Each structure stands twice: as structure tokens, then as C-alpha cells.
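Here's the structure we're looking at; comments come further down.
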Amino acid sequence: MLMKDMLSVFQFDWAATPAMNELKPEYLKGKSVLVSGHAAAKAFAFTLLSLNDRIGTGMKVILATDEIDIPAGAMERDDFNVCDYTRALGVKQKVDMIIHTGLCGHKIDGSGGQLASEMAAVKGLFRLADEKNVKRVVLLSDSRVYGEGENKFRAFSETEMGRSTPDCYNTQLVRTTESFVMSLAAERNIPVTLLRAGVLLGAGSGVYNGLEEVFKAIAEGRTATLYSTENKVSFTYMSDIFNAMVFALEKKLEGVYNVASVDSTASTGALAAMLHDIFGAAVRINMTEKGSFEGRELNTGKLRFAGFEPKIDLKTALELSVLNYSKKAEADFRFPHEHGGRLDAIQQVLLAYLLEVDRICKKHNIQWYLGGGTLLGAARHKGFIPWDDDVDIMMLREDYDKFLEVAPDELPDGMILQDPKKDKRYNYAYAKLRLTDTMFATDFSKNHKGMNNGFAFDIFCHDKTANSKLGQKLHSKLTLFWLAMVFNKWNHRRVYNGKKVQSAISNFFKNIFPLRFSMRMLLFTLEMFKHKKRAKYLYDGMGKSVHKGGFDKTFLDNEIRVDFCGCKMPVPAKYKEYLTNHYGDFMELAPLSTRLMGHEITLTDLGKYAGFKISNISKD
């Protein structure tokens with residue numbers, strides 16, 4: 001049984017997110033991994049199994065834990081086994097790597113028995129390491145190891161320890177566990193990567209963070225109580241700590257690294273204010289001076305300097321943590337704060353765009369289809385992907401050229417067409433429609449102030465490509481080369497594709513070629529097979545799937561009309577085959593934390609379209 005069928009949508013969010021980013025866990029492929037610890041270990045094991053499901057990593061996962069809540073479906077999997085936390089020595093299969101989460105995200109009760117249990121577990125792990133010839137150990141710890149700072153503003157870097165007072169049992173126990181693991185590994189010459197997390201957040205993960213009662217109270221509309229800290233505390237979302245581990249393994253990083261999520265350091269007072277900002281007046285939190293809150297502020301510069309960037313911000317992590325306890329979680333979940341609450345109006349404007357394009361194309365007998373994420377939304381949601389902030393449409397070359405010819409005379413006042421062949425300030429490969437008295441500037445486009453940055457949607461063309469696999473590969477490679485020449489020249493960036501020699505050659509030509517020359521060569525490359533008589537394949541030269549090469553030309557042979565936000569919109573008759581080629585299992589929803597706006601928007605100004613709603617328009 002797949003992990004996505006065993007976990008809640010909130011659990012599957014942190015379990016699936018690592019497979020969605022740019023990290024490629026080559027190191028883990030085919031490995032046999034023992035994950036040891038408490039709730040965090042169970043979460044890590046489920047994440048590894050999710051990687052097996054999603055990208056075929058082929059790992060064997062053994063979970064050594066005292067957690068008893070393991071889904072029955074997981075126990076039936078051939079790639080998963082469970083053993084007792086302190087008796088890992090009985091594992092029969094090989095073990096290539098140990099991931100020990102120990103006390104990370106685990107409540108420390110102050111008993112001597114807990115210390116004995118943790119030390120016994122570590123001893124068992126290293127007896128197993130001797131027996132199985134384990135090659136690497138990853139140790140997870142947390143910020144409690146740092147103790148108390150000399151002042152409330154103290155942020156701890158990796159080698160900077162604070163005071164451990166006699167009554168600070170938690171700090172002493174975490175330090176003892178870390179030291180014991182590191183010393184036993186050093187005796188055996190086993191490399192260790194030690195990652196220290198902030199206060200762990202992971203909806204439904206079961207980790208201890210001191211906030212679950214607050215999250216539950218907010219979801220249920222009750223008053224919560226939270227200890228008021230003087231110092232700031234850093235938080236780490238579950239998927240960020242896992243991503244950091246994958247990054248460290250791929251980069252062969254050893255030693256100690258702090259891991260926190262994006263903009264994730266705050267006092268508990270600021271945390272309460274953030275929760276109020278997200279959920280409004282329904283949040284009732286009493287701040288108290290009695291009690292304590294475990295956690296320290298982390299300096300994460302060492303890992304960022306190595307090249308790692310976390311993905312999840314604190315606001316997103318808190319929202320997911322509360323909604324995990326809500327009964328309102330649905331398949332169409334989205335973050336309501338996206339675009340400052342404008343997303344509904346944005347999607348209404350986009351729908352009006354589509355209706356206008358449909359009018360023009362019907363008048364001039366131009367074939368067009370919903371494309372990209374918009375086609376995906378039509379197939380899956382009968383409208384926009386609920387969290388999407390743009391529209392993609394697609395045409396074949398003949399229809400695309402005809403549309404670019406007739407559209408300028410057909411568009412209503414306030415709407416313009418951007419075409420790279422005619423606008424020297426516009427250097428995208430595809431065309432856009434813009435609303436001139438609005439602003440929708442991305443972090444990318446804001447640097448091009450001479451270009452109209454009004455609210456837009458994209459018009460893509462699928463061009464013919466070679467019939468042979470080799471010809472398609474060469475066509476795609478040439479397209480990617482000229483795309484790199486244009487993009488990096490336009491944005492004053494160096495080309496880097498992960499290969500030093502190729503990148504150096506590309507940068508040499510980028511510096512020589514004028515921007516408009518590269519744009520002309522790109523457009524020429526897109527149309528290389530325009531006049532091919534018996535072309536069997538098309539390719540996505542203007543889009544994100546250009547690297548995939550060709551797809552069957554018959555996918556775009558015929559039109560059917562489907563429901564889209566109450567309107568009938570054109571899609572390819574073989575839209576399922578098209579979407580499968582581009583997205584794989586296109587009916588699978590994105591993890592919750594990735595359901596964010598599609599663009600990094602610097603400035604949104606809808607002008608007179610703020611609050612826009614379509615009315616008195618025929619939708620047939």
C-alpha cells in the first residue's frame with residue numbers, strides 16, 4: 001500500500017515534500033537504512049517510504065522505535081520492517097546507514113530511566129554498526145543542547161554552548177546523547193552528520209514541541225495558554241530537516257549543522273500574534289509567565305553557506321499545524337492569505353481573459369486549448385487549480401501565428417499583446433496578454449521596468465520536432481542552449497547547469513552574443529521543423545517540459561469542450577494522454593505546503609479589477 005493512502009493529507013505533506021524539490025537523493029538509492037528513535041524516527045521512516053513510492057529510490061527501511069501506532073498497510077510492505085527501540089541488534093538484513101533521531105522532538109521527563117533507555121539504544125545501534133559494517137551515521141538533535149544563553153538575544157552557532165545549570169536536565173541529557181553517539185562513531189571511524197533542529201513542527205507527526213494543545217484549542221475555538229518567552233526560538237518544519245539530511249548526504253557533509261525553516265525565529269508572543277494574523281479573532285491565547293518553553297534561537301548560516309535553502313516558512317508551518325486539527329481540510333485546500341486575499345479576484349480576471357480569447361479565436365477560426373496548469377485544473381477541479389494565480393493556453397504554430405496577427409486589432413481597450421518578435425523590451429519566448437493599468441511584477445520581471453508588467457497570462461505554442469529520438473534530443477538541447485543565452489543575458493546572470501565545462505562555454509557565448517541575436521536564434525530554433533510534412537511529434541519548446549523531448553502530435557489533433565468554472569472551454573480530446581506525458585499521475589494533488597502562488601510576486605495592483613467578478617457574460 002502506498003504511503004499517501006495511509007497518511008492524512010497533513011502527514012503526507014511533510015512525507016512527500018522532499019520528493020518535490022530539486023534535491024535528487026542519489027545517495028539513498030538502493031540503501032538499507034535503519035531509522036532509530038521516537039516520533040521523529042517514525043516520521044523519517046514514512047518519508048523514506050514515500051520517496052520509494054514517488055521516485056523509485058529502492059530503499060529498505062528498518063524502524064527501531066518505541067512508537068506503536070504504525071499503519072497496518074505499512075507493516076505489509078516488502079521495503080519496511082519494525083523492531084524494538086533498544087533491541088535493534090536483532091535486525092537480520094544488511095544495514096548501510098543509521099539515522100538516529102534519539103531525543104530530537106521528544107519530551108524529556110527528567111527520569112533516570114529515560115537516560116538509561118537512550119544510552120542502551122545508542123549502544124545497541126553501534127553493536128549493530130559493528131556487525132553490519134555500517135558506512136555512515138546521521139544524528140538528529142535539537143536546540144535544547146545549547147543550554148541557556150548569557151542574555152535573551154543569544155543566537156547559537158554550532159560550536160557555541162551556553163550554560164547548563166544543575167536543574168537543566170534536558171540540556172544535559174541531549175548533550176550526553178550527542179556525545180555518546182559521536183564518541184562511539186569516532187572509535188569505529190564511521191563518518192557522522194549531526195543536524196540540530198529548532199522546535200520541530202510537523203502536522204500529525206507526533207513530535208513534541210509544546211504547542212500542540214495551542215494548535216488544537218485554536219482549531220476547536222477554545223482559549224489556549226502559552227508561556228511568554230523573553231528569548232526568541234527557532235522552528236523547523238519536518239520536511240526541512242529531512243531535506244537538509246538529503247542535502248548533507250549528497251554533498252558528503254560531516255560535522256554539525258543547525259537547521260531551521262524560512263523566517264522561523266520568533267518569541268512565543270510573536271508566535272501568538274502570527275496565529276492571530278492567520279486565523280483572526282477566533283484565536284484566543286492567554287500569555288502566562290508561569291512555566292517554560294523549550295527551544296533556542298539558531299544561527300543557520302553554516303548550512304546556508306554550504307548551499308542549502310529551507311523551503312517552508314513559519315507562517316505556513318503554523319497554519320498547517322492548526323488545520324491538522326480542523327475538520328475543514330479538503331482536497332481543494334489552499335492558503336487564504338495568498339496574494340493578500342486577492343486570489344479569488346485574480347482568478348475571475350483570468351477567466352475573463354479566457355472568455356475574451358475564446359471570442360477572438362471563434363471569430364477567426366483559430367484552434368486553441370487550455371494548457372499547462374490550467375488544463376490540469378480543468379481535468380482535476382473543473383476550474384482553476386484552487387491555489388493557482390495564472391493561466392496557460394496553447395496552440396499549434398499556424399494558429400499561434402494567426403492569433404498574434406489578429407489579436408492586436410481585436411483586444412479591448414486596456415489589454416495588449418506582448419510578442420518577442422515585435423517588442424524589444426520583452427524577451428520571453430512565448431507571448432502574453434497584459435492589462436495595462438494593473439501591476440503584477442514578479443521578483444524576476446521587476447528588474448525590467450521598461451517592459452509592461454501588467455496583469456498577464458501566457459500563450460504557448462507547441463512546435464513540430466524531429467521524428468527520431470536523437471533528433472528530438474538535439475532539438476531540445478539546442479532550444480535549452482538559446483533559452484539560457486536569452487535568460488541569463490537579459491538578467492545579467494551567469495549560466496550554471498551543474499557542469500563546469502559546459503557552463504564555461506555557455507558563459508563565453510553569452511558574453512559574445514547580443515541579446516536580440518540570441519532571441520532571434522531561439523525563435524528560429526523553435527520553428528526549425530515548421531515545414532516538416534510528415535511530422536509525428538510536437539515539443540514544449542516554450543515551456544517547462546522542453547527537456548522531455550517530443551510527444552505524440554495526435555494529442556492535439558481534436559478539441560472537446562469541458563466545464564471550467566461554469567464555462568465550456570476547449571481542451572485536447574486526448575487531454576489525459578497529454579497530461580500524463582507532462583505530469584505523470586496528474587490526478588495526484590500537490591502536498592499542502594506547496595499549494596502556494598505560482599509566482600514570487602513583488603507587487604500586485606489590480607486597480608479597478610480589485611474584487612472583480614464576471615457577470616452578464618455568456619458562458620456557452
Side-chain angles (χ1 to χ4, degrees), residues 1-20 25 28 30-102 104-107 117 121 124-125 128 140 200-208 212 215-216 238-239 241-242 320-321 323-327 329-331 333 585 587-593:
M1 182 181 290
L2 298 177
M3 293 310 299
K4 69 177 182 180
D5 299 322
M6 289 182 265
L7 304 177
S8 73
V9 292
F10 293 95
Q11 293 171 321
F12 189 63
D13 177 71
W14 43 256
T17 298
M20 302 295 291
L28 294 172
K31 293 288 195 300
S32 183
V33 183
L34 177 75
V35 188
S36 171
H38 307 286
K42 183 175 74 171
F44 261 62
F46 289 171
T47 302
L48 293 171
L49 294 175
S50 294
L51 280 177
N52 275 354
D53 292 343
R54 297 176 67 83
I55 58 175
T57 321
M59 287 176 286
K60 299 292 185 181
V61 181
I62 307 124
L63 174 61
T65 187
D66 54 6
E67 290 284 314
I68 59 174
D69 186 19
I70 308 293
M75 300 300 297
E76 297 170 1
R77 293 177 59 122
D78 293 335
D79 58 356
F80 184 57
N81 194 11
V82 180
C83 61
D84 184 83
Y85 180 47
T86 57
R87 297 188 181 124
L89 194 59
V91 172
K92 291 184 170 49
Q93 60 261 55
K94 72 169 184 173
V95 178
D96 299 305
M97 181 174 71
I98 292 173
I99 301 172
H100 184 53
T101 70
C104 184
H106 187 61
K107 188 172 184 178
S117 175
L125 287 177
L128 182 71
L140 265 64
L200 277 180
L201 298 175
S205 65
V207 296
Y208 173 72
E212 292 303 317
F215 297 150
K216 188 174 182 180
M238 286 295 301
S239 64
I241 188 70
F242 187 86
L320 291 172
S321 297
L323 292 176
N324 174 58
Y325 291 103
S326 172
K327 297 179 180 179
E330 301 173 353
F333 167 92
D585 183 2
M587 293 302 290
E588 182 178 332
L589 290 167
L592 300 185
S593 60

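Just so you know, these numbers use all the heavy atoms, side chains as well, and skip hydrogens, waters and symmetry mates. Quick caveat, the model's predicted, so the values are computed rather than measured.
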Residue list, side chain to side chain contact (heavy atoms under 4.5 Å, CB included) with E212, at least two apart or on another chain: N209, F215, Y325
Minimum heavy-atom distance between P25 and T57, given as atom pair plus value: O-CG2, 4.3 Å
Nearest non-hydrogen partners of A203 and W14, listed with the distance: O-NE1, 2.8 Å
Only one of D66, T65, T101 forms a side-chain hydrogen bond (donor to acceptor under 3.5 Å, both in side chains) with H38, so which one is it? D66
Any pair with a residue in residues 58-83 that passes ring-ring contact (aromatic ring centres under 6.0 Å, His included), sequence neighbours left out, goes on the list, sorted by first then second residue, please. none
Do N52 and M3 have side chains that approach each other closer than 4.5 Å (heavy atoms only, starting at C-beta)? no
Once you round to the nearest 0.5 Å, how far does CZ of F10 lie from OG of S205? 13.0 Å
Side chain to side chain contact (heavy atoms under 4.5 Å, CB included) test vs I62 passes for just one of V33, L128, V95, V35, namely V95
Less than 4.5 Å apart, any side-chain heavy atom of I241 and any of F44? yes
Shortest non-hydrogen contact from K42 to E67? NZ-OE1, 3.5 Å
State which residue, out of L63, I99, N81, I98, fulfils the side chain to side chain contact (heavy atoms under 4.5 Å, CB included) condition with L34. I98
Contact between R77 and D53 at the side-chain level, heavy atoms closer than 4.5 Å - yes or no? yes
Contact between I55 and L51 at the side-chain level, heavy atoms closer than 4.5 Å - yes or no? yes
Please find the pair of heavy atoms, one from G105 and one from L200, that lie closest to each other, and give the distance. CA-CD1, 4.0 Å
Per the ring-ring contact (aromatic ring centres under 6.0 Å, His included) rule, what does the pair list look like for residues 45-72, sequence neighbours excluded? none
Do you know the tightest heavy-atom contact between M238 and A43? CE-CB, 3.4 Å
